Structure formats: C-alpha cells, structure tokens
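Take a look at the structure below.
Lettering follows sequence order; numbering is per chain, from 1. In this text the structure is predicted, and so the values were computed from the model without any measurement.
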There are 2 protein chains.
Amino acid sequence: MVDMETAMSTEGAGYWYADQENPGGVDVLNALRVYRAAEAEMRRRIRESMNMNETDLMAIRYAMRAHKAGHCISPKDLSRMLNISTASTTGLIDRLVASGHLIRRPHPTDRRSVEIVPTGSADIEVRETLGEMHQRMMEVAESLSPEEALHVTRFLQRMTSAIEKQDTHHHA
Amino acid sequence: MVDMETAMSTEGAGYWYADQENPGGVDVLNALRVYRAAEAEMRRRIRESMNMNETDLMAIRYAMRAHKAGHCISPKDLSRMLNISTASTTGLIDRLVASGHLIRRPHPTDRRSVEIVPTGSADIEVRETLGEMHQRMMEVAESLSPEEALHVTRFLQRMTSAIEKQDTHHHA
DNA sequence: AATAGTATCTAGTTCAGCTAGTTATATACG
DNA sequence: CGTATATAACTAGCTGAACTAGATACTATT
C-alpha cells in the first residue's frame with residue numbers, strides 16, 4: 001500500500017535536508033516520513049515477491065515464531081492475532097495451505113481444534129526475503145553509540161506518545 | 001491494518017526496555033516497532049472516525065494540499081498519485097462526493113476532464129482529526145537538541161538504506 | 001446427562017480494487 | 001481541413017478478502 005504522508009508530500013517539498021549537518025524539527029519529521037515510505041515500499045515488494053497480502057504474511061510469520069518457540073497455534077489464535085473473524089481466518093488458512101506455506105493437522109489436546117504448522121518451504125522463503133534486511137537493520141541499531149541509542153529511543157518513545165494521545169473528535 | 005512486526009512480537013517478548021538508561025540494538029528496534037504500531041493504530045482510528053479507508057483519506061489530503069497551493073487536480077492526477085486505475089478512481093471520487101468531502105466540476109481548460117475540489121467540511125474534518133497530532137509531533141521534533149536531531153535523522157536515514165537495499169530473491 | 005460454551009467451517013454478502021470497452025474531447029499530421 | 005490517434009472519465013462486470021449468520025463437532029460445567 002502506498003504511504004499516506006509520502007503520497008501527500010511529493011509536491012511542494014523543496015526543503016528536504018536543507019541543512020544535513022544541522023537538522024531542525026521539519027528535517028526530523030521528513031526523515032521519519034522517508035523511513036516510513038521505504039518501509040511501506042519494502043512491504044509491498046515482499047508481498048509481491050511472495051504473492052500474498054499483508055495479513056497472509058503476518059500469519060505465516062506468526063506461525064513460524066510460535067512453531068520455533070515450541071508453541072502450538074490454532075486458527076483461533078491467528079484470528080485473535082490478526083484481528084479478523086474466525087471465518088476469514090478459515091479462508092486465510094485455506095489460501096496458505098493451498099500455496100504450500102501452512103499445513104493443518106489435528107490439535108494435540110483439543111479435538112475440536114486444529115493445529116497450524118508452517119512448512120519448511122515457508123520458512124526458507126521468509127528467511128530469504130526478510131533475513132538479510134533484518135540483519136542490516138540490526139547492524140545499524142547496534143552500531144549506535146550508547147548516547148545515540150538513548151537519543152533515538154527517547155525520540156521514538158516521545159513520538160509514540162504524541163501519536164497515541166487520541167484527541168480524535170467523533171462527529172459522525 | 002494491524003502492524004506486521006507488532007503482531008508477531010507480542011508473544012515471546014520478555015525483555016522490553018530491559019535497561020531504559022542504556023538501550024542496546026534490540027531496544028532501539030523495539031522502540032521503532034512500538035512507534036510503528038502506534039502509527040498504524042492511529043491510522044486505523046482516523047479511518048474509522050472518518051468512515052473511510054486509507055486510499056480515500058490520501059485522496060482527500062492530496063486534494064486539499066493541491067487546492068491550498070492553488071493547483072487544479074483531476075481524477076487522472078489522483079489515480080497517478082494513489083497508484084490505482086482510473087476506473088477505481090472514478091469509484092473513489094463517487095464515494096467522496098457522496099460523503100460530501102469532494103465535489104466535481106468542469107475542468108477549466110480541458111473539456112474532457114473534471115476538476116476535483118475538496119469541500120470546506122472536508123477541510124475542517126481533516127484539520128480536527130490530524131491537526132493536533134501533527135502539532136504534538138512537531139513539538140517533539142523541535143524539542144530535540146541539535147545533537148539529538150542529528151543522531152535521530154542519521155539513524156532514520158541509515159535505517160531507510162537498510163530497508164531499501166533490495167536483496168529480495170524472486171523465486172516464483 | 002443436560003446444558004452452555006468454544007472451535008472450525010460453510011454460505012452468502014460487501015467493499016474496493018481490477019480489466020475491458022464506451023463516449024467525448026484534444027492533438028497531430030497528411 | 002479532416003482524419004487518425006491519444007487521452008480523460010465513465011460503465012459493466014469480475015475478483016479477492018474481509019464480513020455476518022448459522023451449522024457441526026467437541027469440551028466443560030453443574
């Protein structure tokens with residue numbers, strides 16, 4: 001999906017990184033926006049290369065995590081995690097079983113339920129598409145000096161609060 | 001939409017902000033993830049409060065920007081900006097005209113075309129839902145010391161590069 | 001044992017994208 | 001000038017992925 005802010009700012013932006021050495025508030029927000037756009041684009045690329053939508057990708061990755069951690073997950077868990085109905089989850093699992101990323105098998109303890117297990121090929125595919133990028137991101141994060149890391153996390157935390165304060169007026 | 005990383009990390013995360021004073025790489029990435037989740041949630045809230053999807057919101061904001069800048073935009077411009085077909089754009093404009101956010105009127109120079117203009121109520125609505133939040137974000141950004149601002153923007157720029165390097169292997 | 005609760009699945013709907021094709025206008029060229 | 005081609009918006013009909021409602025199978029409670 002195209003990013004909101006980015007789509008809106010492509011025209012009328014003439015002051016990007018006006019002063020690289022001494023960025024002001026606008027420059028910081030612009031950097032955040034550019035980052036966000038890159039991330040959105042990356043997601044689009046991955047979805048495309050794996051031929052699936054965002055929800056499907058989330059489902060696979062969640063299943064993989066749980067599996068690796070030795071947990072047993074069911075469609076209900078996926079539906080909770082993804083915030084979609086159990087009915088839609090059935091459809092989602094159908095798709096991912098058909099594409100060979102997941103398998104269904106009887107739940108070990110609850111005979112009403114089903115266990116969802118990622119296949120080896122799903123694992124390989126996700127690792128190949130995401131692994132190197134995550135590593136690069138981690139390298140950047142770890143290359144920060146203690147002071148820089150503190151500044152960055154504090155900034156992100158304060159931005160999070162700025163966004164979370166909901167003063168959204170409902171007037172429908 | 002639910003955020004990818006967040007959805008995946010709610011289980012198995014026991015070390016969040018283990019050391020607030022001295023964050024390491026993992027803490028930085030976690031802060032980034034939390035920020036991303038807050039942002040996604042904020043978008044969901046806004047879409048809900050305005051009863052529209054992301055594309056619609058992007059379209060309105062783009063129309064508003066262009067209008068304020070004195071530019072004249074057409075459905076074709078929207079379709080290019082949003083990366084959707086002209087047919088879908090017709091549908092999108094239908095929705096937004098029906099909801100009273102946009103109006104169609106004859107294009108001043110091209111008689112094949114149509115001019116898209118945001119209504120005053122759209123302006124008020126968007127300003128009310130986004131204005132205060134943007135102001136809070138700007139306050140955070142401007143409160144950074146020059147050094148902090150530099151650290152933050154450098155970090156974001158490097159993260160952007162980490163994401164943009166596309167090593168995505170297409171093997172379909 | 002009966003009742004209530006929970007998990008999954010099926011059927012059918014909706015919404016927002018898509019493609020293909022239509023009409024009206026604009027532009028380019030012989 | 002007139003004809004061919006290009007472009008803008010729209011219409012009709014399709015699809016994918018969400019939804020609700022309801023069926024079925026099993027579990028848990030009392």
### Query
When B:Asp56 is tested against each of B:Arg95, B:Arg61, B:His101 for side chain to side chain donor-acceptor pair (under 3.5 Å), which residue passes?
B:Arg95
### Summary
To the nearest 0.5 Å, atom CD1 of B:Ile116 lies from atom CD1 of B:Ile103 at 9.0 Å
### Query
Just by distance, do the side chain of B:Thr119 and the backbone of B:Gly100 share a donor-acceptor pair under 3.5 Å?
yes
#### Entry: Nearest-0.5 Å distance, CD of residue A:Glu139 to CZ of residue B:Arg158
10.0 Å
### Message
Rounded to whole Å, how long is the line connecting atom CG of B:Asp110 with atom P of D:dC10?
### Response
13 Å
### Query
In terms of the nearest nucleotide of DNA chain D, which residue is placed more toward the 5' end: A:Asn53 or A:Arg111?
A:Asn53
### Query
In whole angstrom, what separates B:Leu92's CG from C:dG17's C1'?
11 Å
#### Entry: Among B:Ile84, B:Leu96, B:Thr55, B:Ile93, side-chain contact (heavy atoms from CB on, under 4.5 Å) partner for B:Leu78
B:Ile93
### Task
Using whole Å, report how far CG of A:Leu96 lies from P of D:dG16.
15 Å
### Query
Think B:Arg80 has a side-chain N or O under 4.0 angstrom from the OP1 or OP2 of D:dT7?
no
## Note on the structure
Per atom distances to the B:Ser88 side chain, the nearest of D:dA18, C:dC18, D:dT27 is C:dC18
Between protein and nucleotides 8-12 of chain C, what N or O pairs are separated by less than 3.5 Å?
| residue | atom | partner | partner atom | Å |
| --- | --- | --- | --- | --- |
| C:dT8 | OP1 | A:Ser74 | OG | 3.4 |
| C:dT8 | OP1 | A:Pro75 | N | 3.1 |
| C:dT8 | OP1 | A:Ser113 | OG | 2.8 |
| C:dT8 | OP2 | A:Lys76 | N | 2.5 |
| C:dC9 | OP1 | A:Arg104 | NH1 | 2.7 |
| C:dC9 | OP2 | A:Thr90 | OG1 | 3.4 |
| C:dC9 | OP2 | A:Arg104 | NH1 | 3.0 |

### Query
Is there any salt bridge (Lys or Arg N to Asp or Glu O under 4.0 Å) pair reaching into residues 140-149 of chain B, and which pairs are they, with sequence neighbours excluded?
A:Arg154-B:Glu148
### Task
Would you mind reading off the distance between B:Leu102 atom CG and D:dA9 atom P, rounded to a whole angstrom?
14 Å
### Query
Using a cut-off of less than 4.0 Å, is there contact between a side-chain N or O of A:Arg95 and OP1 or OP2 of D:dA17?
yes
### Whole angstrom value for the distance that separates P of C:dA7 from CD1 of A:Ile73
14 Å
#### Entry: Atom pair distance, as rounded to whole Å: CG in B:Leu82 and P in C:dC18
10 Å
